[in-house]
Amino acid sequence: FVYELRTSLYMLEPWEKTTFNTALLAFIAMASYTTYAFL
Amino acid sequence: EEVPFHIILICYLSYVVLILFGYMRDLMRKTGLERNTNAVERDREGYVQLYQSFESFYTRNIYRRIRDAWNMPIASVPGARITIIDRLTPDYNNTFSYPGTKTEAINMGSYNYLGFAENTGPIIENVNNTIDQYIVGVGTTRHELGTTEAISQLETLTARYLGVESSVVFGMGFGTNATNIHTIVGKGCLVLSDELNHASLILGCRLSRATVRTFRHNDMRDLERKLREQLVLGQPRTHREWKKVIIIVEGIYSMEGSIIDLPELIRIKKKYKCYVYLDEAHSIGAIGPHGRGVCDYYGCDPNDIDILMGTFTKSFGAAGGYLAGKKSLIDHIRVHSYGDAYACAMAPLVATQISSVMTTLMGEDGTNQGQQRIKQLARNTRYFRRKLNQLGFILYGNDDSPVVPLMLYFLPKIPAVIRMAYKEGIGFIGAGFPATSLTTGRVRFCISASHTREMLDKSIEFMDEIGDKLEIKYSARRRS
Amino acid sequence: LNSRGMWLSYACGVLVLHLALLSFPFLSVATVWTLTNVIHNLVMFVFLHVLKGTPWESGDQGKVRKLTHWEQIDDGIQFTSTRKFLTVVPIILFFLTSFYTKYDSFHFVVNFIALLLVLLPKLPQFHCVR
């Protein structure tokens, strides 16, 4: 709940929340992979 | 107290998220992906675009998402308790419908400092008698036939209440500033205005075409520095000396809860021989041992202030505003004011309501109810502020100010607090951007003399409970 | 723009943009830097030099409706600290990008044009020029 309040997801509609969380997870996954590949 | 730095960074991030999704929604509405429920007449040609769509971007994409927590319709007087009409929204606040139910709530949001927003009691009897004696409203201006006996009595009483020579009243608080500042200053004059002054003061200064310079909020050093600088520089381009210099400030700032540093301001005024315009919209009736506003609060002489302005909305359970000061000045304003020339005069029953309240506050109604209310408000204010401070919230403003802004910083936290309070039967008011800066969203409590200790305790317990849940106890100070 | 924490947030925003682009495994470092520079300059150009007015109804009877965001900063006073900050950031980004692209000529031309796009409108000579 606090995560949603701090990132403003609390004000978005459910499908927008899903979009944001998917994009965030994709970004984290790609960043992890690239970090691994580079290191 | 400053908020931790990381809170501010995350706050800006939350706005970036809202702006990104706002643009995405605009794109979807423009491409037809999403049905546009804003404008109904979309299929007709030739409708000129009234406003830039960018100007309503914030309203359309950010405010709309949270607007169920604002502008709730009420079905009672805005007293200590309030009846709110419930609303439902099937489409995320695009449209509302009324299920017909109502919610009783403790009213922590209305400006009702002394609790005179009542529809029972002796004052209402006077008002009812006035309706029998006069009509409900006068449909004409003061320059024509709008001056009724009730208004004349009120102006005399107001001057006596404030301890100055004369006063003039207007039917609207905002209009009192907006339509009269031009009679005092004009081209070639300098106005030093607090940066957080009310919109009506800003509008009045702009209409007067005087040169306006702002100084940091309630910072008398910055004021003096700016004043000296401007006196030396003179008018822009010609550097001729100023015809007149006037400092415009408010007694209590309704968004900050701060009280003006009046003694320091009077010292500066006397030292540099300039004028002071003091807007006591919130402070008249609410502070000072006799309810005479900031002059009473600091024990200053009201005649040191050149123009006293105030409204009857917050402490008198009425509407309208007044200007008070030297008789020559007030006569000049009566002649040159837009408000007296174009606006309808104050309704006699409103004038009677105000006179009755003022008589009560002066103790001339045979009771000491006025004094009791003033003392009760001061006690409630100090109690409420101290309790919230102890709980670890960051509050703005002076300990004696009945306006208590509690800082939330994040925009989404404001509707979250208001909605949860509404479920608990407590009515809160929130303020966010653009009424405040981006990172200083807040919930603002307006304490009233008619709040009982139980009501305050219920609000405090509720805040304590959600303070932990929403992580809004930001204060780093040691808690007593 | 000159309130507390805004400049640091701005720098963090550019850093997050760069890391987001860097997390695409199929992009080279040079391409990522050029993309960061070009996207940053395009967004800055749109928000500061194309959009006019304010995204909310400001109570000034439409006085600023015809001014871009850049022209509204600090009421139009030139060379304030905020303006200097917003002028320096693209330049620093350009230097970093040039360094990381090993001064390759193609990248240099693209980045230099993107830099001009945001530097020219910031000159005082272009204030309120349409």
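Everything numeric in this text was worked out from a predicted model, so none of it was measured. Here is the naming used below: chain letters follow the sequence lines, and residue numbers restart at 1 for every chain.
- For the atom pair OG1 (A:Thr19) and CE (B:Met24), the distance works out to 5.0 Å, reported to the nearest 0.5 Å.
- Of the inter-residue distances, the one linking A:Met11 atom CE with B:Tyr92 atom OH reads 14.0 Å to the nearest 0.5 angstrom.
- In this structure, the portion of B:Arg419 lying under 4.5 Å from any heavy atom of chain A is its side chain and not its backbone.
- Note that the CD1 atom of B:Ile10 and the OG atom of A:Ser8 stand 11.0 Å from one another [nearest 0.5 Å].
- Note: B:Phe21 CZ to A:Leu9 CG = 7.0 Å, rounded to the nearest 0.5 Å.
- For A:Tyr3, the OH atom is densely surrounded, since the number of other residues' heavy atoms within 6.0 Å is greater than 12.
- The contact between B:Ile62 and chain A is made by backbone and side chain atoms together, counting heavy-atom distances below 4.5 Å.
- Without hydrogens or angle criteria, B:Ser14 side chain to A:Thr7 main chain gives no donor-acceptor distance under 3.5 Å.
- More than 12 heavy atoms of other shown residues, nucleotides or ligands fall within 6.0 angstrom of atom NZ in B:Lys473.
- The environment of A:Tyr33 atom OH is sparse: at most 12 non-hydrogen atoms of other residues, nucleotides or ligands sit within 6.0 angstrom.
- Annotation for A:Leu5 and B:Ala416: closest pair CD2-CB, 3.7 Å, computed over non-hydrogen atoms.
- With contacts defined as side-chain heavy-atom distances shorter than 4.5 Å, the pair A:Arg6/B:Ile7 qualifies.
- For B:Leu470, the parts sitting under 4.5 Å from any heavy atom of chain A are the backbone and the side chain alike.
- Separating the CZ atom in B:Arg25 from the CD atom in A:Glu16 is a distance of 4.5 Å, to the nearest 0.5 Å.
- Note that the CD atom of A:Glu13 and the CZ atom of B:Arg65 stand 6.0 Å from one another [nearest 0.5 Å].
- At least one side-chain heavy atom of B:Pro415 sits less than 4.5 Å from a side-chain heavy atom of A:Tyr10.
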